[in-house]
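Inspection log for the structure reproduced underneath, given as structure tokens.
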Amino acid sequence: IQNGFGITCLALARAAWETGKDPSPLLFKAEDAYRRAIALAPDQVFGYQNAGDLLVWKARWEGGSKATRDLREAEAILKKGLSVSPGHAGTLANLGRVYAVRLEGAMQSGTNVSPLVTAGEAALAKALAQDPRSQDALQYLGELRLAAARWKAMHHLVKGADFDRAEEPLERGFRINSDHQDTLLAL
């Protein structure tokens, strides 16, 4: 019940944010629900997976130092979920997304992004090994690779193949399910 309530609150928060409204009250409710889900069932991965997803959304909406804190917390929560259920495709995909969003943020600071790319590629490769048709894993892999290509472009290191490599998982996801909203937005 807690996970379902959290999922609903997060969906409503996304809708609020997309229409220019403050998503904070709904994010607070979703985060509270996920934390209760983890407390009630610490041996089930879904609370961790959903809490990590929520923290990534918060990081994208908040930006700055709050985003850095949220992403570190998301990474820790998702890794805890993987200790409960090693190899869980959805949790691995969300962990890969954490690295993609951290990579986007690192572009402004001039930080070496290689460790983020390596960690993100590894998590997403494991997710796709578990579920080769995972829309989320394909989407996040495309986002990760696109951010890496943009970083290379900023440092005059980019090759055309870098952007092709980013597009490949997005196109594969589109071929699997052309109605998946996030894939459509990324293309």
Side-chain angles (χ1 to χ4, degrees), residues 3 6-7 9-11 13-14 17-18 23 27 30-31 34 38 45-64 66-109 111 113-151 165-174 176-177 180-187:
N3 270 315
I7 290 167
C9 289
L10 180 55
R14 284 178 70 177
W17 183 75
E18 289 167 358
L27 289 173
E31 189 170 357
Y34 293 145
I38 292 169
V45 71
F46 301 108
Y48 301 101
Q49 178 185 353
N50 292 330
D53 184 48
L54 167 97
L55 289 164
V56 173
W57 279 107
K58 277 181 63 179
R60 282 205 149 155
W61 291 331
E62 293 173 339
K66 286 183 178 180
T68 301
R69 183 190 66 236
D70 288 338
L71 291 170
R72 285 196 174 117
E73 187 178 359
E75 181 179 9
I77 285 173
L78 292 165
K79 285 182 175 179
K80 175 70 175 163
L82 289 170
S83 74
V84 169
S85 182
H88 186 266
T91 305
L92 285 162
N94 283 354
L95 183 60
R97 184 173 183 225
V98 167
Y99 296 121
V101 175
R102 284 182 57 195
L103 176 56
E104 291 168 4
M107 281 197 276
Q108 280 76 38
S109 68
T111 304
V113 298
S114 295
L116 297 173
V117 173
T118 301
E121 288 265 358
L124 292 162
K126 288 178 187 175
L128 288 166
Q130 293 295 320
D131 181 3
R133 298 176 59 83
S134 169
Q135 291 288 148
D136 289 338
L138 290 166
Q139 172 72 27
Y140 305 153
L141 182 58
E143 289 177 11
L144 177 82
R145 288 178 177 174
L146 180 59
R150 287 178 35 230
W151 183 88
R165 217 170 151 254
E167 191 176 3
E168 182 273 326
L170 298 171
E171 286 180 348
R172 190 168 33 146
F174 185 74
I176 291 169
N177 180 0
H180 192 269
Q181 178 185 357
D182 290 337
T183 301
L184 292 172
L185 292 174
L187 292 173

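Under the rule for a side chain to side chain donor-acceptor pair (under 3.5 Å), Asp70 has no partner lying at least two apart in sequence or in another chain. Partners of Trp17 according to the ring pair (Phe, Tyr, Trp, His ring centres under 6.0 Å) rule, which considers only residues two or more places apart in sequence or in another chain, are Trp61. Scored by the salt bridge (Lys or Arg N to Asp or Glu O under 4.0 Å) test, Arg150 finds no partners at all (sequence neighbours excluded). For Arg102, the salt bridge (Lys or Arg N to Asp or Glu O under 4.0 Å) partners are Glu75, not counting sequence neighbours. Residues satisfying the salt bridge (Lys or Arg N to Asp or Glu O under 4.0 Å) criterion with Lys66, sequence neighbours excluded, are absent altogether. Residues that satisfy the salt bridge (Lys or Arg N to Asp or Glu O under 4.0 Å) test with Arg133, not counting sequence neighbours, are absent from this structure.
The shortest heavy-atom contact between Ala13 and Leu27 is CB-CD2, 3.8 Å. Of all heavy-atom pairs between Ile38 and Ala51, the closest is CD1-CB, 4.2 Å. Of all the heavy atoms in Val113 and Trp151, the pair that sits closest is CG2-CD2, 3.5 Å. A pairwise comparison of heavy atoms in Leu103 and Leu144 identifies CD2-O, 3.5 Å as the closest pair. Heavy-atom minimum distance, Gly52 versus Ile77: N-CG2, 4.1 Å. The heavy-atom pair separating Ala127 from Ala93 by the smallest distance is CB-N, 3.7 Å.
A side-chain donor-acceptor contact under 3.5 Å links Asn94 to the backbone of Gln49. Listed for the Tyr34 side chain is a donor-acceptor partner under 3.5 Å among the backbone atoms of Gly6. Of the possible donor and acceptor atoms, one in the side chain of Ser83 sits under 3.5 Å from a partner among the backbone N and O of Lys80.
The line from CG of Leu141 to OG of Ser134 is 10.5 Å long, rounded to the nearest 0.5 Å. With rounding to the nearest 0.5 angstrom, the CZ atom of Phe46 is 9.5 Å from the CD1 atom of Ile7.
Contact check on Glu104 versus Arg97 returns no salt bridge, with no Lys/Arg side-chain nitrogen under 4.0 Å from an Asp/Glu carboxylate oxygen. Remark: Glu121 engages Arg145 in a salt bridge, criterion side-chain N to carboxylate O under 4.0 Å.
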Which is it for Ser85 and His88 under the side-chain hydrogen bond (donor to acceptor under 3.5 Å, both in side chains) test, yes or no, and what are the steps along the way?
CA-CA 6 Å; Ser85 182; His88 186 266; 5.4 Å; no
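Residues Gln139 and Glu143 have side chains that bring a donor and an acceptor to within less than 3.5 angstrom of each other.
More than 12 heavy atoms of other residues, nucleotides or ligands shown are found within 6.0 angstrom of CZ on Arg69.
Leu71 places none of its side-chain heavy atoms less than 4.5 Å from the side chain of Leu55. Leu138 places a side-chain heavy atom less than 4.5 Å from the side chain of Leu128. Side-chain atoms of Leu170 and Phe174, non-hydrogen and from C-beta on, never get closer than 4.5 Å to each other. Side-chain contact between Tyr48 and Thr91 is absent, with no heavy-atom pair separated by less than 4.5 Å.
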